[in-house]
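Notes to accompany the following structure.
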Amino acid sequence: MSEEEQREGGHEPEERPEPVAEAEPEGRPEAAGGSEPEGGSEAAGGSEAAERPASENGPPPERETDSETEDERRERWRLARETDDRRRRRNRIAAWCGVGVLLLGGGGWIAKPFVQDRMITSDACDGAVPDGSMDTLRGGAGDAEPRLTEAEAESDDELGRYTCEVVNEEGRQVLSVQGWTRRDDIDRRLIREVTGRGGIPGDALSGGLPGFRSGVSSLALMTACPGRGKDAAGQQRQLLVDVRGALPVKWYQLARTGGAMVNKVSERLGCDTEPLPLPAKGSEKHEPGAVSAARAADTACGALAQGPFRSGDWSFDLRIPKRSGPVSTCLVRPSGGDERGRGHAPVAWLYGVYGQWSRQMMLEAANHSGVPTAEALPRKWLTDDSAGATARCGGRPAGFLLGVDRPDGESDEPQAVSTETLSRGRMRAMLASFAKKESARRGCTDLRLPAAG
């Protein structure tokens, strides 16, 4: 019997033994002293000790008065009644808990798909998907109430490969990620990017991310991978990560996820490089905007902001990666948008492409412009609608390309640029300015420019 219980009963703590103070009777206690206690062998032993003859229990205690015995009985009764009340309260709580479990069980059954979505989202691609980004990707998969059903990730350290896939209940891919560090795998993927496209790669990504658009709902990013040593040619290995969403997700809605995936794949494959800074949360809501000629003037794209494109009638997309990404892009287009609110198509563009795949780009671009390529890969050229130059950057080939949209005689598109507006001499100067600035930034050598024509 605790002091607190005794105080509540109006008695001070006594020195006598209290064998049944902790007991919990099975049923309702009897007034004569209660039923057998529940406290197990220890409690029962205490009760027996209290009732043994004095000869078995040591020296006989001093005899208590009748009033003390009655007080003890009343106290025992009070404690037994409180114990019974506590049991009843526990039984009521247990019953309500059971009902709660049943109710929550039904609600849990209803909420299971939502819980599953959250669990898959948090674990997808080794937990790399940024907070909130999966909601955008799920919506792109076309579900009114998206349900994710599976996410798998696998890395092969020996082959330097990483894969991740997230699918929904309709079997559609919500997110697909592939990563490579072997040179042959990277070259094969990048060469496919420009083959059959006139040598025009996808635009570089905004926000300084080292990558480019590889489709409406896909992008590719590249970073250094020094932790895996050098390849057979003695060059430092790189990491290429391909990230794909489901239509109608746009490329810029993938950029934040793409940067996070590069960091995760780099970690998993042991690239030992600094993580990429990610675009700000919420950047996926709007496509990056263009800038004015004044803002473009002091960049590698500054040459485009001169001559016929100096007025406010033109806008510029500047996509120069902060690190040595595979692509740099400068685009100029008429300001404003079309009747649907979309930006106008570019009328002139500059590309810098770095790596073995730049040779394929130059070959495709030269063929598209009618430059002879039967005998050898062209290193430089200048025509009415394109110009090309080459260099070596970090021991790898690099290509620089200028393209212009000319009137084709079949349409009178106002944005097309005539040869009178942009001559070959001006084209060469634009290409030279861009190639020299990029070469200086990247430490490129052996720059070869076309002759003035």
Side-chain angles (χ1 to χ4, degrees), residues 120-130 133-134 137 148 150-167 171-195 201-202 205 209-215 217-246 249 251 254-276 278 321 323-327 353-358 360 394-396:
I120 291 177
T121 297
S122 63
D123 293 338
C125 301
D126 295 300
V129 180
S133 295
M134 188 64 79
L137 301 179
L148 302 179
E150 187 178 4
E152 293 184 353
E154 182 180 357
S155 57
D156 189 324
D157 186 69
E158 183 177 352
L159 295 178
R161 295 177 183 173
Y162 179 93
T163 60
C164 172
E165 182 182 56
V166 181
V167 298
R172 295 189 66 190
Q173 280 188 347
V174 177
L175 176 65
S176 172
V177 179
Q178 290 182 291
W180 304 272
T181 60
R182 294 176 62 179
R183 176 180 172 180
D184 289 347
D185 291 333
I186 293 175
D187 288 346
R188 186 162 42 247
R189 167 67 183 86
L190 293 177
I191 288 172
R192 188 171 69 243
E193 181 65 28
V194 293
T195 300
L205 302 180
L209 287 175
F212 59 92
R213 295 173 52 185
S214 56
S217 299
S218 59
L219 45 84
L221 299 101
M222 180 180 283
T223 189
C225 190
R228 296 190 68 88
K230 297 183 178 181
D231 59 25
Q235 296 175 337
Q236 179 182 280
R237 291 192 184 275
Q238 296 175 300
L239 170 66
L240 176 68
V241 178
D242 188 87
V243 182
R244 297 177 182 272
V249 169
W251 67 270
L254 280 169
R256 183 172 165 81
T257 298
M261 287 311 312
V262 169
N263 293 339
K264 176 56 66 174
V265 178
S266 175
E267 173 191 320
R268 296 286 291 178
L269 296 181
C271 284
D272 192 24
T273 190
E274 288 293 322
L276 300 179
L278 303 185
R323 297 190 187 177
S324 297
V327 179
V353 177
Y354 309 92
Q356 196 65 29
W357 68 307
S358 67
Q360 184 68 25
R396 295 181 172 92

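Screening N263, L219, T223, V265 against V241 for a side-chain contact (heavy atoms from CB on, under 4.5 Å) leaves a single residue, V265. A side-chain contact (heavy atoms from CB on, under 4.5 Å) with V174 holds for exactly one of L148, V167, V249; it is L148.
Nearest approach of A153 to C125, heavy atoms of both residues: CB-CA, 4.2 Å. Considering all non-hydrogen atoms of both residues, R213 and E193 come closest at O-OE2, 3.8 Å. Listed here is the closest heavy atom pair of V243 and G258: CG2-CA, 3.9 Å. Scanning all heavy atoms of the two residues, the minimum distance from P210 to P321 falls at CA-CB, 4.0 Å. Between D231 and R183, the shortest heavy-atom contact is OD2-CD, 3.5 Å. Of all heavy-atom pairs between S155 and R268, the closest is OG-NH2, 3.4 Å.
Ionic pairing of D187 and R189 is not present here: no N-O contact between side-chain nitrogen and carboxylate oxygen is shorter than 4.0 angstrom.
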(request) Check step by step if side chain to side chain contact (heavy atoms under 4.5 Å, CB included) holds for E150 and I120. (result) CA-CA 7 Å; E150 187 178 4; I120 291 177; 5.7 Å; no
(message) Test side chain to side chain contact (heavy atoms under 4.5 Å, CB included) on D242 and S214; report intermediate values, then the result.
(response) CA-CA 9 Å; D242 188 87; S214 56; 4.1 Å; yes
(message) Applying side chain to side chain contact (heavy atoms under 4.5 Å, CB included) to V166 and M134, what does each step give before you reach the verdict?
(response) CA-CA 10 Å; V166 181; M134 188 64 79; 4.2 Å; yes
(request) Before giving the answer on side chain to side chain contact (heavy atoms under 4.5 Å, CB included), spell out for V177 and T257 the whole-Å C-alpha distance, their side-chain angles and the decisive distance to 0.1 Å. (result) CA-CA 10 Å; V177 179; T257 298; 5.9 Å; no
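Using a 4.5 Å cut-off on side-chain heavy atoms (C-beta onward), C225 and L269 make no contact. By the 4.5 Å heavy-atom criterion applied to side chains, F212 and L190 are counted as neighbours. In this structure the side chain of Y354 never reaches within 4.5 angstrom of the side chain of V327, judged on heavy atoms. Here the side chains of T195 and Q360 are in contact, with some heavy-atom distance below 4.5 Å.
Rounding to the nearest 0.5 angstrom, the gap separating the CD atom in Q173 from the CG atom in L137 is 12.0 Å. The CZ atom of R188 sits 13.5 Å away from atom CD of Q356, with the distance rounded to the nearest 0.5 Å. With rounding to the nearest 0.5 Å, the separation of CG in L221 from OG in S266 is 12.0 Å. The distance from the CE atom of M261 to the NZ atom of K264 is 8.0 Å, given to the nearest 0.5 Å. In this structure, the separation between OG1 on T163 and CG on D156 is 9.0 Å, given to the nearest 0.5 Å. Note: D185 CG to Q178 CD = 10.0 Å, rounded to the nearest 0.5 Å.
Under the side-chain hydrogen bond (donor to acceptor under 3.5 Å, both in side chains) criterion, Q235 pairs with R396, sequence neighbours left out.
Heavy-atom neighbours of E274 CD from other residues, nucleotides or ligands within 6.0 Å: at or below the threshold of 12.
Side-chain contact, Y162 with D157: no donor N or O sits under 3.5 Å from an acceptor N or O. T181 and R237 form no side-chain donor-acceptor contact under 3.5 Å, judged by distance and modelled atom types alone.
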